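For the single chain, residues carry numbers from 1 onward in sequence order. From a predicted model like this one, the values you see are computed outputs, not experimental measurements.
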Amino acid sequence: MTNTGGHAADLAISAPHRELLDQVLDKWSLAVLNELCEQPSRFNALRRAIPTVTQKSLTATLRKLERNGIVERVLLSSRPVAVEYRITPLGKTLRPPIDAVVGWATAHMPDIERAREAFDSAEDDQT
C-alpha cells in the first residue's frame, strides 16, 4: 500500500489483522461497543438498546469480542445468576481510532455520496 505522497506505507495488513478487524468493526460489534462504553450491560439490556440485532447475532458478537479481549463477561452474585458484559481496558483503547474513522466518514460523506451517485449512474447507463 502506498500513501498519497508516493512513499511505501508502513501498514501491513496480514491475515490476523483482517480477521481481528472483521470481528471488531462489524456493525453489531460497533453497536455493542457503543453501548458498553457508556455502561456495563446485561444481555437483555443490550437487546433492548440494539433492537435490530437478533439473539443469535448478539450472542456471537459478544463471544467474538470476549475472545479478543475487548469485552468481559462477569457473573453477578444475584439470584438467579445473571451475567453482565463490560468493556475491558483493552476495549476502551478502541474508542479513539473508531471515533477517528467515524469523524473521517462524517467529514467526507458529501464526497462519498457524490461518488456513489456517479458510480450508480454510470452502472445504470451500462445496463
Examine Leu65 and Val101 and state if one hydrophobic cluster contains both, with Ile, Leu, Val, Met, Phe, Trp and Tyr joined whenever side-chain heavy atoms are less than 4.5 Å apart.
no
Crowded around Arg63 CZ? As in, over 12 foreign heavy atoms under 6.0 Å?
no
According to a hydrophobic-cluster definition based on side-chain heavy atoms being under 4.5 Å apart (Ile, Leu, Val, Met, Phe, Trp, Tyr only), do Val102 and Leu33 belong together?
yes
Among pairs that include at least one residue of residues 32-46, which meet side-chain hydrogen bond (donor to acceptor under 3.5 Å, both in side chains), considering only residues two or more places apart or in two chains?
none
Leu36 versus Ile87, closest heavy-atom pair with distance:
O-CG2, 3.7 Å
Going by the rule side-chain hydrogen bond (donor to acceptor under 3.5 Å, both in side chains), which residues pair with Thr54 if we only count those two or more places apart in sequence or in a different chain?
Ser57
Can you pull the side-chain hydrogen bond (donor to acceptor under 3.5 Å, both in side chains) pairs that have at least one residue in residues 111-122, sequence neighbours excluded?
Asp111-Arg114, Glu113-Arg116
Considering only residues two or more places apart or on different chains, which pairs with a residue in residues 48-105 satisfy ring-ring contact (aromatic ring centres under 6.0 Å, His included)?
Trp104-His108
With a 4.5 Å heavy-atom cut-off, do Pro40 and Val74 have their side chains touching?
no
Can you list the residues that meet the side-chain hydrogen bond (donor to acceptor under 3.5 Å, both in side chains) rule with Thr88, with sequence neighbours excluded?
none
Those residues at least two apart in sequence (or on a different chain) that pass salt bridge (Lys or Arg N to Asp or Glu O under 4.0 Å) with Glu72 are none
Could you go through the side chain to side chain contact (heavy atoms under 4.5 Å, CB included) check for Leu20 and Asn68 one step at a time?
CA-CA 8 Å; Leu20 175 65; Asn68 286 300; 3.6 Å; yes
With sequence neighbours left out, which residue pairs that include part of residues 14-55 fulfil the ring-ring contact (aromatic ring centres under 6.0 Å, His included) condition?
none
Under a single-linkage definition using a 4.5 Å side-chain heavy-atom cutoff for Ile, Leu, Val, Met, Phe, Trp and Tyr, are Leu62 and Leu25 assigned to the same hydrophobic cluster?
yes
ILVMFWY cluster membership beyond Phe119 - transitive side-chain contacts under 4.5 angstrom:
none
Salt bridge (Lys or Arg N to Asp or Glu O under 4.0 Å) partners of Arg86, counting only residues at least two apart:
Glu84
Residues two or more places apart in sequence or in another chain: which of them pass side-chain hydrogen bond (donor to acceptor under 3.5 Å, both in side chains) with Glu66?
none
Less than 3.5 Å apart, which donor and acceptor atoms pair up between the side chains of residues 92-100 and the rest of the protein, not counting sequence neighbours?
from  : atom 1 : to    : atom 2 : distance (Å)
Thr93 : OG1    : Leu90 : O      : 2.5
Arg95 : NE     : Asp99 : OD1    : 3.4

Not counting sequence neighbours, which residues clear salt bridge (Lys or Arg N to Asp or Glu O under 4.0 Å) with Asp26? List them please.
Lys64
